[in-house]
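Please read all numbers here as calculations on a predicted model, not as lab measurements. For the single chain, residues carry numbers from 1 onward in sequence order. Start at 1 and go down the list; that is how both ligands and their atoms are numbered.
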Amino acid sequence: MAITLPNHDEHLLIGGAWTEATGGERFDVTDPASGGRVGSVPNGTREDVTAAIDAAAAALPGWRSSSALSRARILRKAADIMRERAGEIAETMTAEQGKALPEAKGEVEYAASFFEWFAGEAERIYGEIAPPMNTDNRVLVLRQPVGVVAAITPWNFPAAMMTRKLGPAMAAGCTSVVKPASATPLTAALVLRCIEDAGAPAGVVNLVTSRDAGMVADTIFNDPRVRKISFTGSTEIGKDLIRASAEQVKRLSLELGGHAPYIIFDDADLEPAVDGLIASKYRNAGQTCVCANRAFVQRGIYADFLALLKQKVEAMTVGHGLAEGTQIGPLINDAAVDKADEHVQDAVAKGATLVTGGVRLTDGEYANGSFYAPTIIDGVTREMDIFYEETFGPVAGLTVFDTEDEAIDYANDSIYGLASYFHTRDYARLMRVAERLEYGIVGANAGIISAANAPFGGMKQSGYGREGGSVGIDEYLDVKYVLLGAVGTV
Ligand code: SIN
């Protein structure tokens, strides 16, 4: 089937104007499945980043003093517009990112849900009146917008990771500068057009696309008007941002790497457990921070689990994300394929068994893309790289265990602490294991855990701060205590 790629050129958004970069340069956006051109965006410069911050700073007084209801209405309308344009946004996303079209459509809905959720939260930014120690005084606690926010967003969820930041920022009364990943800037621009068309005043959201992520970060971190940075990406870059934040003591939210364990106890329902692992592991071709990276399966269920997993994984269709029936698209680039393959080769060299996959797909329809076959390796041990490193590809590594303590010990043996999963029918074990896992997110009998109304975030080197849920908006609010003296005693 011939695939027609979108041909979509986009612009920077600065203070309500869609513009070219001051240097006049553009760069192409390409399809990881075919190498074809999807469109282009301006290569923003330091001057452009500063202009975007100027615009966000200028829009701040009006936006932060607007009514919560009016901000909520704009967010709800933006969600509606995104849904109306879901087809176009999803096709562009698939073309630049690679994920299968049904997944891209699912992401548009997921992204819109953050606007809706935070529209509700905008109307519930309550303060407090605390009992005073001195009865002559009164104690007020205010929650106010932090100010100008920078959102640095990743390529794996180009719409949802942006709305998960912009939703609460806008709801709180903050204005923003967005820097999307250079691989996926077109989806970001389309979503910002929805916000604009929903009636957000000029400068409330601004977009700077650029190939020079270091320059953008440097400009943002050195501008005292930017009060908070929210970043989703690798732990390595997150550490650089923590260092950069020290100079001006910037507030940070960091959603970094993950390395999720997926535990299946003997008493689990077999098929839901297999389906759960597949949903978690192969979502977005294994390129999510919450993907299962290590499956620990109890001995009694191991053989049946492996057989059913193999059968289902081998039935998956790999192809261009825009082709009918595709379940797994390409990886984002060849370096990602190299990393997945290195993990497989390292594990096999150290004694693991390749159950299925373990190859780059390079012939025919795959010839110009970055494809890797959905893979299962059996007999993973602590000596193998995949045991400790995030693969970010469609590779499931299995390890057998005997006791609950052993499973917990394996699962918690990681520098990461983002998502974890387990399957059991024993309610006491369910509670115990959920409490013992050192992860910010636990899926119990569930392989998909993401939702706008739940707090998403990690422990250990997976970062700090929470996105979504009732606490998600706190990341964009300052808490201020006001002492009212000499009020009198009643
Ligand atoms: C991520 O991979 O960082 C986000 C995944 C999600 O929100 O489900």
Problem set entry | Part of Asn156 with heavy atoms under 4.0 Å of ligand 1, whether side chain, backbone, both or neither | side chain
Seminar exercise, completed: Short version for Glu107: what comes under 4.0 Å of ligand 1, heavy atoms counted, is neither
Problem set entry | Salt-bridge contact Lys339-Glu342 (side-chain N to carboxylate O under 4.0 Å) | no
Which atom pairs, one a donor and one an acceptor, fall under 3.5 Å between side chains of residues 377-389 and the rest of the protein, sequence neighbours left out?
residue	atom	partner	partner atom	Å
Asp378	OD1	Tyr302	OH	2.2
Thr381	OG1	Glu383	N	3.4
Thr381	OG1	Glu383	OE1	3.1
Arg382	NE	Asp413	OD2	2.7
Arg382	NH2	Asp409	OD2	3.1
Arg382	NH2	Asp413	OD2	3.3
Tyr388	OH	Asp413	OD2	2.7
Glu389	OE1	His343	NE2	3.1

Return all side-chain donor-acceptor pairs below 3.5 angstrom for residues 215-223, not counting sequence neighbours, or 'none' if the list is empty.
residue	atom	partner	partner atom	Å
Asp218	OD1	Asn222	ND2	3.1
Asp218	OD2	Arg46	NH1	2.9
Asp218	OD2	Arg46	NH2	3.3
Thr219	OG1	Arg46	NH1	3.1
Thr219	OG1	Met215	O	2.7
Asn222	ND2	Asp218	O	2.9
Asp223	OD1	Arg225	N	2.9
Asp223	OD1	Arg225	NE	3.1
Asp223	OD2	Arg225	NH2	2.9

Problem set entry | Residues Tyr421, Phe296; criterion ring pair (Phe, Tyr, Trp, His ring centres under 6.0 Å); working and verdict | CA-CA 10 Å; Tyr421 309 83; Phe296 301 111; over 10 Å; no
For this session: Would you mind listing which atoms of ligand 1 come within a distance below 4.0 Å of any non-hydrogen atom of Thr288?
Result: 2 (O)
Seminar exercise, completed: Taking only non-hydrogen atoms of Met161 and a 4.0 Å limit, the atoms of ligand 1 in range are 4 (C), 7 (O)
What is the closest protein heavy atom to [atom], and at what distance does it sit?
{"atom": "atom 6 (C) of ligand 1", "answer": "Ser450 OG, 3.3 Å"}
{"atom": "atom 5 (C) of ligand 1", "answer": "Phe157 CE1, 3.7 Å"}
{"atom": "atom 7 (O) of ligand 1", "answer": "Tyr110 OH, 2.7 Å"}
{"atom": "atom 3 (O) of ligand 1", "answer": "Glu255 OE1, 2.9 Å"}

Exercise. If we only count N/O pairs under 3.5 Å, is Thr232 in contact with ligand 1?
Worked result: no
Exercise. N/O of Cys289 under 3.5 Å from N/O of ligand 1, yes or no?
Worked result: yes
For this session: Work out which heavy atom in Val395 is nearest to a heavy atom in Ala340; give both atom names and the distance.
Result: CG2-CB, 4.1 Å
Exercise. Looking just at side-chain N and O atoms, do Lys99 and Gln287 make a donor-acceptor pair shorter than 3.5 Å?
Worked result: no
Exercise. Taking atom NZ of Lys105 as the centre, does the number of heavy atoms from other residues, nucleotides or ligands within less than 6.0 Å exceed 12?
Worked result: no
Exercise. How about Arg227: does its CZ atom have over 12 heavy atoms from other parts shown lying under 6.0 Å from it?
Worked result: no
Problem set entry | Non-hydrogen atom of Gln287 closer than 4.0 Å to ligand 1 | no
